[in-house]
Amino acid sequence: MAGNFRFMMDQNNIVRFLTTSIDSFIQDRLINKEQRTQHKDQCAERLAAEDENGEKESEVEYSDQAVLANLDWGIEALEEAINTYNMETKLARLDYAEKMLQVCAMLNPKQKTAGVPNSYLSAWAHLNLSYLWKLRNNIKSCIFHSLEMFVVDPFFSRIDFAPELWKSLFLPHMSSIVGWYSEERHRLMMEVMPETTDFSYTGDFDRVFNESLVFSMRPNQLEKLQKLEQLYGESLDENTRLYAKYYNDCMNPDSTSSKKVVPMLPIAEPPMTPLHELSRSVPDFVKFGPILPKSSGFSMTTRRSYDGLSETTRENLTSNSNHSKGEKSSMWGAKESIIEEIEDDSDSEHYDASVDSDKNNIFSPEPKTSIKDDDVERKVYRSNQKNQMQSPNISPMQSPRAAPNYSSSNAQIHNISSDHIFNRDEEELVLKNIKRRNDSQTPSINQDNENSLVLNDSSLGESDDGYQSSASFPKLEKLTIGSKPPKDFVCPITGQIFSDPVTLETGQTYERKAIQEWLGTGNTTCPITRQPLSANILPKTNYVLKRLIVSWKEQNPELAQEFSTSNTPRGSSCSPSAKDIAMISTTQRTTDSPSQKNKEDYIRQRNNRFMQVAVSASPTSVLSQAAVETIINSLTPYITSLCTSENLQECEEAITEIARLWKDSKTDPQIHSYLSKPTVVSGLVEILSASLNREVLRRSIYILSELIFADESVGETLNSVDSDFDCLATLLKNGLAEAALLIYQLRPVFAQLSEHELIPSLIQVIQNKNEDIDDFQLAIDPRAASIAILEQILMGGDEYNRSVNASSVISANGIPAIVKYLDRMEGRRSIISILLCCMQAEKSCKSSIANRIELSPVLELFHAGNDSVRGICVEFLSELVRLNRRTFSNQILQIVKDEGAFSTMHTFLVYLQMAPMEHQIAVASLLLQLDLLVEPRKMSIYREEAVETLIEALWQKDFSNNQMKALDALLFLIGHVTSSGKSYTEAWLLKIAGFDQPYNVLMKADQLGHSDKDLMETMENEKNAMKSWQKRVASVLCNHENGSIFQALEECLKSNSLKMAKSCLVLATWLTHMLFTLPDTGVRDIARKSLLEALINVIQSSKNLEEKILATLALKSFISDPTAHEALRVYAKSIYRILRKLKKYSTVAADILKALLNLNSVDVTELWSCKEVVELDLSSNGEVLSLLYLNGQVLSGHADGTIKVWDARKRIPRVTQETREHKKAVTSLCSSVDRLYSSSLDKTIRVWTIKPDGIKCIDVYDVKEAVYELAANAKLACYVTQGTGVKVFNWSDPPKLINFNKYVKCLAVAGDKLYCGCSGYSIQEVNLSKYTSTSFFTGTRKLLGKQTIHSLQIHDDFLFACGSSVDTTAGKIFSLTSKMVVGSLSTGLDIHRVAINSDFIFAGTKFGTIEVWLKDKFTRVASIKMAGGHTKITSLVSDADGMMLFVGSSDGKIQVWALD
């Protein structure tokens, strides 16, 4: 077979071979549902076996549970995809399965999860991913994951996951290794059985391997075979991984190389060169190496940790009835298990390992053992010799196909010392007693071995030839005399050797006196197991155990004497659990769980801390009745004095003595009961209210605190009188820190706490270092109690109360002290809650907290806490990173990402998948921000899961609170945050739209708008960081699932909640604005389809100006999209008028309007609409010769010299001022900045100031000639008289005439250039700096009639010239930069006056008709007919927004038109 694979194949052949083999294997698996189910059950059995092997007390991390859940969910989703025929459902389930399985596939193979090797989980995930890609018809990805499975975990891949595939792809390359192994094992077998030397190497191979030789092997031979098995398995694994990588390289050649070269074929090198290779089929256990049964868990993966041990053992196994069922059994793996010496704090003792014999397999790397304090079955004690070996019960050569059967009757015990022979009844009683105890503590003991005795000894009874017979068991030697008595002989309460042992129903044995004292204090549970005790009467003495103790004492008289007369210190594992009183939240009484790595230190500190408190739970403090009576007698006079004396000094002295005696009594229950009488408690409280001695007050609090901790009814006594709490509150305000402890113990309600304004005092306690009361130690640090009270105050009441109380904490400068206290394990949850409440109430304190806090304690609390604690931690971190500086926020996020012993992102991901609904949004937002710290990769499971969670929340119509939270999270994700912690994304978008007012007000109030020169570099860095961040956020959100967020926003915009709809509109506007700054990936079309109609609906129906502007800004993004033009055409007429009204608020509205009018698909004539508003009859003032629009006002100049000022802010103008300082007709009006200039036939030019209340003439210039046209500014005035040319006047020197021999009819100024419309249909350009003129345009002269330019207007760098109609053209448009004609107005009527706004050109003709032209396209839209027949239009002006048109006529009327 090997020869078929030794020739050089080209790459195509290799790829074809892999494709055929793997595709066939995967296809068979997909077809065979029963095989998949069986395989999953087998893998689950291995996981369950590993769980049984683990210690009962070991805690599985929350993240580990979630990883296993991900794998399970992924496989279930994959099965659903396989079984469904609905293509949409299939694709959805495949997508979900991929996300779940990728979590396990990405695990670090060198680590473990919940005790299971990550390599196993990852390989299993890769196998299922190969199924998944096959279903997607992506064979290349399918092959990749199949090969990756063998790379990650070759051992379990070839024995569990894909043995058939391994045979096909890898076994042909392993012939040299199999040959070497066969030779070595054959040689070893011949050493054991010399008569087999004549066996044929190939013919007798199977028979030799099926011989039962294990009992004939010497220890050194057994060790050799064991090492051979290990080395063989490692060689198979190593070379399997090598060839899997080779195949992967063949499938993915180097793309950088111009010539594709097949990777070098690896060679499977055996540890030693074999004489020959196997060319025939071999048994599976030879092909695959040691085969690990499912019930053995993952012990193979831990075998390498024992490689350094030189000692080996053999196990004494007893068979049971399960062997008759044909189960596969074995005695060893690659390394034998070692019975280790386990040392604790007090002594070093040897334990035996009990082995479940029916869970072993022939090639199991390691037998199932459980070595653990207080869990090991103490049937026999090991001697001082360490080279202990155990006898197996079957042969390691036995084939798995034919495991031998042994019954328990075959096990015989020989040569047991007569000193240790028990009668049958006593033996069973002892075994059952010890077994019940062990069964209650560890699940690893074999439940079927109740009547079997496993005897372990440190030496074997060896025969003369050096090895033990297979039919004999080792002899039991004398029990060892150690430095300590056996633990089973010592009471776990008193620490002394039993004198009267009693065994409770829970299987635990105690000294009768000790357990009586335990039950006498009111306890109803077993001290060790904490199981409830149903019997009220103690059982009889355990005489079997007592006789064993007596026998041991006879052999060890000195040791027995020592431990019978002294109090042996109790180990922490023996002492019953104390009444732990941890620093807890008063709103949720749960103890903060420490992280795994600090758990032991935390428990030790906590037990030490509350050692004095545990009165009822400490029966070890056994006082003799005489001693108790002595203390009570000593207390009696002081108690009497305290309760009856009217001398304050006597009472204070009594307090001091009572405290001393209470401490000396070790908090004995009888003394506690004596001191807990209401009269004594009342006396202590009276001292608190009357004494001024600080030490006396502190001792009184010490006594009351101890009494309350032991019995909460004492606290109820104090709570029954309101004045008692008032007294404590007063003491706290007066600086007695210990009063906080009693207040905390009394558990007052929020109303009581809020009445006394305790926050400043509590902050003072937290800030100050506590003084010790001599050697009296309080059960809880007053600072810890203060923090718990502070949390209750901040979390109580309504939102207003929480805000006020949080502000009080901040104003009292409590933040630094509270943050500093976070270093302690106790009370971290309360501290986080306090800081979170402060940040929510006063956003500005976030920067202060962020600058001071160490985040590692927060992350430790998150890892160790429950769902409630994790939710608070995530909410705290989410709030903390909402800072007004992007660079600072990124720094905090980087710390969160890098801190902690675990991967923060992976932990957040796991928590996200299992978190309650109310926490998912916060953790998703935080996880997404952590992922965005770097440029988004093509694929990120963290990012995908986080974005998916946020978008799913937007779809939850039935949970509007979640929708609002998701919108807020997404808005804060953008990064526009003020120093007060509010999002100003809306104001920023309005500023972009040209509506600056909200942004300017916000920046002024927040002081974000200014920047000093020293901060320019910082501001530039902030700007760059923000730009980069927003681009990442927009790219991730827009491109997720082909723009699914836009579909979700479409639904949110339909919400009845105005607040939600507004937030959704802001987010949609920002996304569409950013979308067109990103490369087009096809999402733009989806965004347009989802949002266009909703945005137009907002423009049409919303009554909020800001909402209209936001929708307009979003709509602008689609204007550049040609596919959106058709949709805009449909809505053009409905939004045209609204956009015209928005023009005066937003420049974006003007841009959209202009684009809308210029769309080829839009018929502008359908959009045009105008209506005459009013006609003002001013005929008494003569002709209206000039009109000027200025800042919401219209100024009119009349033939009688009158100038009128009109308020034009409303549809109907209203006269606000009328002045007649000119003596004759006002021919022209123009303005510059805050000045008005008027010319008249009275030969003067007047200068006016413009103020809100009107105009005022400040200068009059007599120019000696009648002025017919004027163009003026602050530097000079250009005017036209009766002669040719134009005069230029600089307001000081005499006017200069620039004569070009033409009559000027109109003027227009642009910079230092003056344009003159002249007779002869020409335009002259005058250089005002040089006073020279040139011809700008010369028209075609006609023989008949006069051709003249009547009106010039400059707008947007274009010169509009209108006059006589020549060849049906009455107007031309010139570019001032190129001086070229860019358009013309085609009409047969002469144009005398022209007005221009941003959209239209209004041309007033000779016969009273106004023609309307589209400004950018120069197409005629409509015409307006003036009332009065052929009235001559003398003046024409439009307002700045283009909404109104004012027309002056020769009959002295002004007509006002609304351009709707």
- Task: Determine, stepwise, if the pair Lys1302 / Cys1316 fulfils side-chain contact (heavy atoms from CB on, under 4.5 Å).
- Result: CA-CA 10 Å; Lys1302 291 186 179 182; Cys1316 307; over 6 Å; no
First locate atom [atom1] of [X], then atom [atom2] of [Y], and finally report the distance between them rounded to the nearest 0.5 Å.
X       : Y       : atom1 : atom2 : value
Leu1307 : Cys1278 : CG    : SG    : 7.0 Å
Ser1231 : Leu1188 : OG    : CG    : 5.0 Å
Leu1389 : Ser1364 : CG    : OG    : 11.5 Å
Glu1106 : Leu989  : CD    : CG    : 11.5 Å
Ser1196 : Leu1176 : OG    : CG    : 9.0 Å
Asp1151 : Leu1156 : CG    : CG    : 12.0 Å

- Message: Name the residue from Ile1433, Thr1434, Leu1185 that meets the side-chain contact (heavy atoms from CB on, under 4.5 Å) definition with Ser1450.
- Response: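 For Ser1450, the side-chain contact (heavy atoms from CB on, under 4.5 Å) check succeeds only for Thr1434.
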Do [X] and [Y] have side chains that get closer than 4.5 Å, going by heavy atoms?
X       : Y       : answer
Pro1213 : Val1194 : no
Lys1108 : Lys1141 : no
Arg1235 : Thr1249 : yes
Phe1358 : Ser1375 : yes
Val1148 : Ile1109 : no
Arg1420 : Val1412 : no
Val1226 : Ser1186 : yes
Leu1359 : Leu1352 : yes

- Message: Is there a side-chain contact (heavy atoms from CB on, under 4.5 Å) between Leu1385 and Phe1360? Walk through the geometry before answering.
- Response: CA-CA 10 Å; Leu1385 305 180; Phe1360 295 81; over 6 Å; no
Considering all heavy atoms, the nearest [X]-[Y] contact:
X       : Y       : answer
Ile992  : His1073 : CD1-NE2, 3.8 Å
Gln1217 : Ile1255 : OE1-N, 2.6 Å
Gly1192 : Asp1207 : O-OD1, 3.8 Å
Tyr1237 : Ser1232 : CE1-CB, 3.8 Å
Lys1143 : Ala1149 : N-CB, 3.9 Å
Leu1436 : Phe1402 : CD2-O, 3.4 Å

Using a 6.0 Å cut-off, check whether atom [atom1] of [X] has over 12 heavy atoms from anything other than its own residue.
X       : atom1 : value
Lys1417 : NZ    : yes
Gln997  : CD    : no
Tyr1145 : OH    : no
Tyr1303 : OH    : no
Asn1191 : CG    : no

- Under 30°, 30 to 60°, or over 60°: which ring-plane class applies to Tyr1261 and Trp1291, parallel, tilted or perpendicular?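 It falls in the tilted class, 30° to 60°.
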- For the residue pair Trp1248 and His1222, categorise the inter-ring angle as parallel (less than 30°), tilted (30 to 60°) or perpendicular (more than 60°). tilted
- All pairs passing salt bridge (Lys or Arg N to Asp or Glu O under 4.0 Å) where residues 1269-1280 contributes a residue, at least two apart: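 Residue pairs passing salt bridge (Lys or Arg N to Asp or Glu O under 4.0 Å), neighbours aside: none found.
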Main-chain N/O of [Y] paired with [X] side-chain donor or acceptor, under 3.5 Å:
X       : Y       : answer
Ser1438 : Met1444 : yes
Lys1305 : Ser1319 : no
Ser1240 : Ala1225 : yes
Arg1140 : Leu1459 : yes
Thr1072 : Thr1069 : yes
Ser1365 : Thr1387 : yes

- Message: Is the distance from the ring center of Phe1446 to that of Trp1206 below 6.0 Å?
- Response: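 No.
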- Do Lys1251 and Asp1253 sit within salt-bridge range, that is, some charged N less than 4.0 Å from a carboxylate O? no
Ignoring hydrogens and angles, state whether a donor on the side chain of [X] or [Y] is under 3.5 Å from an acceptor on the partner side chain.
X       : Y       : answer
Thr1216 : Gln1193 : no
Thr1284 : Asn1301 : no
Thr1369 : Asp1367 : no
Thr1281 : Lys1287 : no

- Task: List the steps and the verdict of side-chain contact (heavy atoms from CB on, under 4.5 Å) for Val1288 and Tyr1279.
- Result: CA-CA 7 Å; Val1288 179; Tyr1279 60 93; over 6 Å; no
- Query: Would Leu1110 and Leu990 satisfy side-chain contact (heavy atoms from CB on, under 4.5 Å), going step by step from the backbone distance to the final call?
  - Reply: CA-CA 7 Å; Leu1110 288 172; Leu990 291 172; 4.0 Å; yes
